[in-house]
Amino acid sequence: MSMEYKEMVVIGAGPAGLSAAIEAASKGIKVTVYDENARPGGQLFKQIHKFFGSKEHKAKIRGFKIGEELLNEATKLGVDVVLNATVMGLFAQKELTVLINNEVHHVKADAILVATGASENMVNFRGWTLPGVIGAGAAQTMMNLHHIKPGNKILMVGTGNVGLVVSFQLLQAGCEVVALVDAAPAIGGYGVHASKLARTGIPFYLSHTVKVAEGEDHVTGVTIAEVDSHFKFIPGTEKHFDVDTICVAVGLSPMTQLLKMDGVKMEDTRGGYVPACKKDGSTSIPGVFAAGDVAGIEEASSAMIEGRMAGAAICEYLGYEDHEEKESREETLFGSLENLREGMFAPKNRGKKIEKTEEGIDISQNLLRHGFIGDDEVERFPGVISKKGIHPVIECSQNIPCNPCQSACHKGCIAIGDHMTSLPVVDPESECINCGMCVASCPGQAIFLVDEEEDHTLITMPYEFYPLPVVGEKGMALGRDGHEVCEAEITNVRTSKAYDHTALVTMKVPAKYAMTARFYKKGEDVL
């Protein structure tokens with residue numbers, strides 16, 4: 001078997017790998033990317049939701065669109081992306097073996113970036129091997145890549161961002177999510193993700209987990225039970241659900257096998273058992289780099305920046321940039337990365353109990369336990385105001401790195417400030433023109449336009465389900481908890497290319513429900 005020589009090899013065509021390839025290729029490096037899948041993009045093409053962050057982090061753009069942008073950029077720069085290519089081994093002297101079309105290729109590279117991502121964790125319970133017990137990532141693949149419903153009635157295990165996001169996408173695919181359960185005593189993901197589920201009526205069971213998956217040759221039901229502080233089942237707390245699918249979202253593990261095979265120094269961190277990297281992705285072996293989830297579990301936005309940083313480091317390593325150029329580029333990128341690592345969900349805060357926002361406001365305990373801000377809590381947050389006429393109401397109550405709403409409003413109604421994790425503030429003196437851009441641009445679907453009149457209120461909400469309601473249709477307005485609060489009539493449905501597939505649906509409700517009606521359910525007679 002002859003040896004093939006490559007200038008730079010990237011293992012993994014996900015957000016980190018493609019970003020690194022783009023960074024390096026832009027400086028003239030010949031880059032080859034190997035990916036074991038039939039299509040590149042990694043997790044991005046499963047992600048149909050809008051990203052958080054700021055404009056530089058591709059905020060308010062849907063994940064699959066970001067994937068398309070990266071692929072187009074890589075193609076224009078001449079990056080060679082080899083698919084259905086499984087890297088079987090990584091060895092000394094930067095040599096690797098790759099299985100392509102049932103042929104083993106022996107490759108030697110001047111520099112290697114490992115961007116293999118992470119794999120889903122599983123939790124063991126009675127019946128966990130039954131068909132119908134699947135990972136949340138697998139469910140996402142079925143829905144968003146292959147357009148197949150994973151099941152009809154689904155229980156979600158896990159309330160981190162993956163569990164919350166995938167649950168919403170299951171609803172969008174036409175599945176029924178009967179509940180979300182988590183052994184932890186509080187919801188682990190962003191409150192805005194939980195809230196958009198809660199207002200559809202899905203219950204959360206915290207301090208609960210699966211006791212048994214029922215069925216002979218496939219899942220037909222599930223029993224959950226409450227657990228104590230030692231995660232032991234509490235007798236008499238069992239609850240049964242008829243389901244055909246149990247979806248599991250209990251975290252990810254970095255796929256570090258190749259790095260360990262090569263002898264890279266490893267370390268045990270809160271982000272997993274990962275290579276001991278410098279911030280530019282360089283490992284203990286010169287010329288071998290790591291970026292993305294393989295170096296510690298974070299969001300895709302962070303992975304893209306880490307990939308860029310590793311790409312810049314490889315440019316210096318291979319002599320395409322001098323040290324000063326690399327340091328300058330790294331400083332810019334690292335500043336952007338650090339912005340994403342701020343706020344309540346920052347890596348440094350993992351495992352900590354946060355009781356107040358950065359502004360000193362008490363965190364909504366109802367949000368953490370039940371998935372929605374209590375009616376008696378919501379007005380403590382600076383994005384929630386009440387006044388006559390039309391105005392935005394922003395039910396964003398946690399310090400997360402996100403600010404598209406500020407740039408979406410050209411009338412100064414919304415302000416966040418220089419610190420991206422600050423809570424959005426609505427200025428009661430500014431004039432809202434009802435353009436709806438703030439509603440459509442919010443990745444957490446946490447913004448509403450409320451037009452308060454004497455005898456009625458018009459509430460404009462983000463809506464991402466088909467079929468859309470139609471003007472004149474009557475149904476029920478639901479509260480933040482998903483319970484019916486009053487009758488509602490649809491008065492306007494807006495779609496626009498600028499809204500990027502988020503429809504703006506306006507419903508008319510009695511004036512007294514201005515601050516409580518937050519979702520719309522079609523009437524029983526509406527097909």
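We count residues from 1, following the sequence as given. Keep in mind that this is a model prediction, so the values were computed, not measured. The basis for the numbers below is simple: all heavy atoms, side chains too, and nothing from hydrogens, waters or symmetry mates.
- A salt bridge does not link Lys474 to Glu487: none of the charged nitrogens lies less than 4.0 Å from a carboxylate oxygen.
- A donor and an acceptor atom, one from each side chain of Glu342 and His419, are nowhere located under 3.5 Å apart.
- Inter-residue side-chain proximity for Glu452 and His391 is flagged as met; some heavy-atom pair is nearer than 4.5 Å.
- To the nearest 0.5 Å, the span separating CE on Met507 from CD1 on Ile459 amounts to 4.5 Å.
- Just one residue in the list Asp242, Thr245, Val219, Val222 forms a side-chain contact (heavy atoms from CB on, under 4.5 Å) with Lys153, and that residue is Asp242.
- Proximity of Phe64 to Ile48: side-chain heavy atoms (C-beta onward) are separated by under 4.5 Å at one or more points.
- Interatomic distance, CD of Gln172 versus CE of Met143, reported as 8.5 Å (0.5 Å rounding).
- Applying the salt bridge (Lys or Arg N to Asp or Glu O under 4.0 Å) rule to pairs touching residues 392-410 yields Glu395-Arg480, Glu395-Arg518, sequence neighbours excluded.
- Of the listed residues (Val450, Ile433, Asp451), just one forms a side-chain contact (heavy atoms from CB on, under 4.5 Å) with Ile390, and that residue is Asp451.
- Remark: the backbone N or O of Ser364 is not paired with any side-chain donor or acceptor of Glu377 at under 3.5 angstrom.
- With a 4.5 Å cut-off on side-chain heavy atoms, Pro15 and Glu306 do not count as touching.
- Side-chain atoms of Arg494 and Thr460, non-hydrogen and from C-beta on, do get closer than 4.5 Å to each other.
- In plain terms, the two heavy atoms of Tyr520 and Gly475 that are nearest each other are OH-N, 3.2 Å.
- Side-chain contact annotation: Thr357 with Glu359, donor-acceptor N/O pair under 3.5 Å present.
- Scanning for side chain to side chain contact (heavy atoms under 4.5 Å, CB included) contacts around Val162 gives Ala136, Val166, Ala249, with sequence neighbours left out.
- Minimum heavy-atom separation, Leu252 to Asn121: N-ND2, 3.4 Å.
- No side-chain donor-acceptor contact under 3.5 Å links Lys196 to the backbone of Phe168.
- With hydrogens and angles ignored, the 3.5 Å screen pairs a side-chain donor or acceptor of Thr237 with a backbone N or O of Glu226.
- Between Phe519 and Tyr463, the ring planes lie parallel to each other; the angle is under 30°, not in the 30° to 60° tilted range.
- Atom NZ of Lys388 has more than 12 heavy atoms from other residues, nucleotides or ligands within 6.0 Å.
- Minimum heavy-atom separation, Val248 to Glu120: O-OE2, 3.9 Å.
- Remark: the backbone N or O of Met420 is not paired with any side-chain donor or acceptor of Asn403 at under 3.5 angstrom.
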Next on the checklist: Walk me through whether His193 and Phe52 qualify under ring-ring contact (aromatic ring centres under 6.0 Å, His included).
Outcome noted: CA-CA 11 Å; His193 282 322; Phe52 289 79; 5.2 Å; yes

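- From Met142, atom CE reaches atom NZ of Lys46 across 11.5 Å, with rounding to the nearest 0.5 Å.
- With contacts defined as side-chain heavy-atom distances shorter than 4.5 Å, the pair Leu340/Ile305 qualifies.
- The closest side-chain heavy-atom distance from Leu171 to Leu197 is below 4.5 Å.
- Among all heavy-atom pairs drawn from Lys411 and Glu431, the shortest one is CB-O, 3.5 Å.
- Shown here are the salt bridge (charged side-chain N to carboxylate O under 4.0 Å, His left out) partners of Glu464, two or more places apart in sequence or in another chain: Arg62.
- Side-chain atoms of Lys149 and Cys175, non-hydrogen and from C-beta on, do get closer than 4.5 Å to each other.
- Judged purely by distance below 3.5 Å, without hydrogens or angles, the side chains of Asn144 and Gln169 pair a donor atom with an acceptor atom.
- Contact between Ala300 and Leu44 at its shortest, heavy atoms only, is CB-CD2, 4.3 Å.
- Contact check for Leu206 versus Ile187: side-chain heavy atoms found under the 4.5 Å cut-off.
- In terms of heavy-atom proximity, Asp182 sits nearest to Gly160 at OD2-N, 4.4 Å.
- Ring orientation note: the planes of Tyr205 and His208 are nearly perpendicular, at an angle over 60° on the 30°/60° scale.
- Of the residues Pro382, Pro392, Cys432, the one that meets the side-chain contact (heavy atoms from CB on, under 4.5 Å) test with Val426 is Pro392.
- Of the possible donor and acceptor atoms, one in the side chain of Ser430 sits under 3.5 Å from a partner among the backbone N and O of Gly412.
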Item to check | Trace of the side chain to side chain contact (heavy atoms under 4.5 Å, CB included) decision for Leu170 with Met156 | outcome: CA-CA 10 Å; Leu170 286 165; Met156 177 63 73; 4.0 Å; yes

